[in-house]
Structure formats: structure tokens, C-alpha cells
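Worksheet: the structure to be examined is printed underneath.
Below, chain A is the first sequence line, B the second, and so on; all start at residue 1.
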There are 2 protein chains.
Amino acid sequence: MNAEKNTEEQIIEAAKKIFTKKGLAGARMQDIADEAGINKAMLHYYYRSKDKLFEIVFNEAINKVMTNLNTILAAKMPFPEKIKAIIENYITALTANPQLPLFVLHEITQNPEMFIRELKARVGFPNVAAFMREIVEEGEKGTIRKISPVQLVMNILSMSVFPFVAKPLFQAVAEIDDVQFRMIMEDRKRVLVEFILAALRP
Amino acid sequence: MNAEKNTEEQIIEAAKKIFTKKGLAGARMQDIADEAGINKAMLHYYYRSKDKLFEIVFNEAINKVMTNLNTILAAKMPFPEKIKAIIENYITALTANPQLPLFVLHEITQNPEMFIRELKARVGFPNVAAFMREIVEEGEKGTIRKISPVQLVMNILSMSVFPFVAKPLFQAVAEIDDVQFRMIMEDRKRVLVEFILAALRP
DNA sequence: GTCTATAGCTGGATAGAC
DNA sequence: GTCTATCCAGCTATAGAC
């Protein structure tokens with residue numbers, strides 16, 4: 001309902017909100033129109049079809065997630081600090097946008113082709129290979145315990161992202177509200193770094 | 001298409017498959033009928049509505065996931081072995097059913113009320129409180145490093161479940177097929193236990 | 001119990017006035 | 001560019017024959 005912005009932007013904003021909440025199949029064009037404070041016909045006027053509108057929102061989400069990660073992975077800094085940076089970056093970004101990962105993962109599963117297309121559009125997108133080489137090197141230098149780089153990457157990613165994917169489940173089981181969840185996630189930045197570095201002690 | 005089983009069972013079987021794959025909003029009654037090798041009208045004859053059918057499938061999924069975990073959490077065994085049991089149990093179960101967690105998490109997010117209703121129906125369902133007490137005790141005994149029990153539970157769960165939630169993403173980025181993924185998950189049982197126990201060394 | 005046919009509605013998309 | 005009215009496909013659900 002941002003009366004300041006132009007219609008195109010308003011629509012994208014509204015579409016983001018509805019699609020991330022309901023998914024492609026669950027979202028209604030009427031919902032998006034209502035959220036944007038405009039008429040349903042306008043959506044088609046500007047973006048032709050539901051699928052086209054979705055693709056824009058989805059690709060934007062992918063790029064947002066990936067670009068962030070990529071810059072850190074490529075950065076030159078000592079290994080433990082890099083781990084710290086990755087974790088803090090993820091948790092901060094996802095605290096601001098908790099529904100994003102579940103949305104992305106669900107839609108990738110529903111339609112892997114669209115994701116792969118977008119992956120290939122951005123050349124050499126996830127710069128994870130270099131980071132994995134770093135893990136092997138550190139292991140050989142003896143700075144950290146030797147560990148399969150694929151598994152370590154999975155561990156770091158899992159522990160950073162999964163709590164947000166499982167947020168409603170955690171909240172129901174542990175009976176905690178949004179404020180408490182935020183606090184746990186804030187605390188988690190420190191805990192996770194400690195945990196991972198402890199696991200990697202030679 | 002199990003010609004042996006009775007129609008009720010065939011329908012549930014088919015509904016499981018389609019719902020876990022497409023979600024509630026994405027699934028079509030026609031798909032389920034086709035999968036079961038029967039007519040669309042039969043679905044309504046046996047289960048009245050799409051929502052009713054879905055609720056049965058969903059609750060069965062919840063119970064399957066929970067019951068398994070609960071028995072292990074309640075079991076009496078040394079702490080490190082319990083961790084091993086939890087991880088191996090999860091990874092084995094999810095290897096046989098990789099789409100289950102994403103389905104459950106997505107639908108909980110769409111409709112938390114249904115999940116909470118089912119949670120309350122099973123009394124004292126997730127027996128996680130006892131396990132968290134165990135974590136604190138072990139920390140005070142000095143057998144493991146002191147750590148917030150909530151955070152440790154999140155870590156264990158995240159690392160066990162998330163790879164399956166993110167399976168299509170991993171496969172696309174790392175360009176691996178189903179066989180390779182299975183191997184990595186099989187290997188992961190050992191790696192994870194090592195990783196966690198290493199992180200918990202006092 | 002099982003099928004065909006169809007009612008009834010929802011929701012994406014378009015026509016056309018302004 | 002924006003709105004109202006409307007079309008039409010696709011879907012859930014039911015009626016009714018067998």
C-alpha cells in the first residue's frame with residue numbers, strides 16, 4: 001500500500017509478500033491485487049501472467065540469497081573468521097526474512113528446471129568450490145581436523161538455515177513467540193561459531 | 001496401483017504420494033485418482049473432501065516422524081550412543097522418504113492450527129524436555145562441554161534433516177544424482193556423530 | 001461400490017469503456 | 001493507465017444410472 005512508489009514496484013512488493021507466504025500454487029492473483037491496493041486487471045497489464053510475475057519474484061529471491069553468500073565465500077580472511085562471517089551473515093539476513101528459505105526450497109522442489117535455468121544465467125554462481133578447497137588445505141596444514149568438505153559445508157548451511165525453515169514447528173513444540181525466537185537466533189550466532197570451531201579442533 | 005489392497009488403502013497410498021510431492025494447494029484430486037487407478041468420484045465416496053483426505057495423510061506423516069523420535073529420546077542409553085541412535089534413525093528414515101520433511105514443514109507453515117491440533121491430540125508428544133535435561137546434566141558432570149540444550153537440539157536436528165529439505169538445491173549446485181546423494185547421506189551418519197561428539201569434548 | 005455426466009464455483013485472463 | 005464486467009478453463013463435489 002506504499003502510495004509513494006510507482007505501480008510496477010507496488011505490484012512486485014505485494015507479489016513477493018503473497019508468493020513467499022503462500023507459494024505459487026497457493027497464491028491468488030486477487031490476494032496480490034488486494035495487497036498492492038489495486039485491481040486484478042492491472043497485474044496482467046503489467047506482468048501478463050501469474051507465472052511471469054512469479055518468475056520475477058522467485059529469481060529475485062534466488063539472487064538475493066546467493067549474491068550475499070558468494071561475496072563472503074570469495075573474501076580473503078582467516079578461516080575461522082570466514083566461518084563466523086558466513087554464520088552471522090545468514091542469521092542476520094534470515095532474521096529479517098524468515099520465510100524466504102522455505103519458500104525457495106519448496107519452489108525449487110516443485111520446479112527444479114526454473115532454478116537450474118536461473119543458476120546458469122548467473123555464471124559460476126555459487127563460489128563454493130574455492131571454499132571447499134580451503135577446507136582441505138586447512139586440514140592438511142593441521143589447523144583444523146580433517147573432514148570431508150561437502151559434509152562440513154552441509155553442516156554449516158544446515159545449522160544456519162534450518163531453524164528458520166522449521167520456525168513454526170519449533171515455536172509450536174517449544175511454545176515460544178517471535179520475540180523469544182529472535183533472541184535464540186541472536187544468541188545462536190555466537191553459539192554456532194563456538195560449536196563449529198570446537199568440532200574442528202585438531 | 002496395488003491391485004491386492006482394498007480401495008481405501010489404495011487411495012491413502014496414492015494421496016500420500018501426490019500430496020507429499022505437490023502439497024495441498026498444488027495437488028489435484030484427478031492426480032490422486034489416476035495414481036490410485038480409480039475414478040475421481042470414489043475419492044469423495046470414501047473420504048468426502050480433499051481437505052479431509054489431506055488431513056489424514058498429514059497427520060499420519062506427523063505421527064510417523066514424531067513416534068520414531070520419541071522412542072529414542074526416551075530410551076535409556078549412554079549419551080554419546082543416544083546421539084548416534086538419533087542421527088542414524090533420522091538419516092535412515094529420511095533416505096527412504098526424502099520429500100517428507102519439506103512437505104511437513106511447508107504445510108505446517110501454511111496451516112499451523114492443524115499441526116497444533118494434532119500435537120495436542122497425542123499427549124506429551126515430543127519427549128524432548130527429558131533429553132534437554134540430560135544435556136544439562138552431562139554438562140555439569142563434565143562429560144561434555146556446557147552448551148545451551150535448545151541450541152544443541154537445533155544443531156542435531158538441523159544437520160540430520162536439512163540435507164533432505166535442500167536435496168534438490170544441493171543436487172543442482174553440486175551436480176550430483178540420486179545415487180551419489182544416497183552415498184553422501186550414508187557416509188553422513190558416521191561423519192555427523194564424529195562432528196557432534198568432537199564439538200562436545202570438554 | 002463403481003462409473004459417467006454434470007452442476008457449481010473459483011480463479012486466471014481479456015475486452016472494452018473511460 | 002485504470003477500472004468494471006465478463007469469459008472460460010479447470011477444479012471440487014454431487015447426482016444418478018448400473
Find the distance [X]:[atom1] to [N]:[atom2] and express it as a whole number of Å.
| X | N | atom1 | atom2 | value |
| --- | --- | --- | --- | --- |
| A:N39 | C:dA13 | CG | C1' | 12 Å |
| A:I38 | D:dG1 | CD1 | P | 13 Å |
| B:F54 | D:dC11 | CZ | P | 18 Å |
| B:Y47 | D:dA13 | OH | P | 15 Å |

Under 4.0 Å between a side-chain N/O of [X] and OP1 or OP2 of [N], yes or no?
| X | N | answer |
| --- | --- | --- |
| B:H44 | D:dT14 | no |
| A:T7 | D:dT2 | yes |
| A:R28 | C:dG12 | yes |

A:N155 side chain to B:R188 side chain, donor-acceptor N/O pair below 3.5 angstrom: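 Per modelled atom types, A:N155 and B:R188 side chains form a pair under 3.5 Å.
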Pair A:N111-A:E107, side-chain donor/acceptor within less than 3.5 Å: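 Not at all, the side chains of A:N111 and A:E107 share no donor-acceptor pair under 3.5 Å.
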Aromatic contact, B:F19 with B:F58 (centres under 6.0 Å):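 No, they do not, as the ring centres are separated by 6.0 Å or more.
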Closest to side chain of A:K50, choosing from D:dT14, C:dG12, D:dG1: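 Nearest to the side chain of A:K50 among the choices is C:dG12.
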Side chain of A:Y46 (C-beta onward), nearest among D:dG1, D:dT12, D:dA15: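 For the A:Y46 side chain, the nearest candidate turns out to be D:dG1.
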Parallel, tilted or perpendicular, as decided by the 30° and 60° cut-offs, for the rings of A:F162 and B:F162: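 Correct class here is perpendicular.
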Base, sugar-phosphate, or nothing for [X], non-hydrogen atoms under 4.0 angstrom?
| X | answer |
| --- | --- |
| B:Y45 | base |
| A:M42 | base |
| A:A27 | sugar-phosphate |

Check: C:dG12 base within 3.5 Å donor-acceptor of A:K40 side chain: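 Counting by modelled atom types and ignoring angles, a donor-acceptor contact under 3.5 Å is found here.
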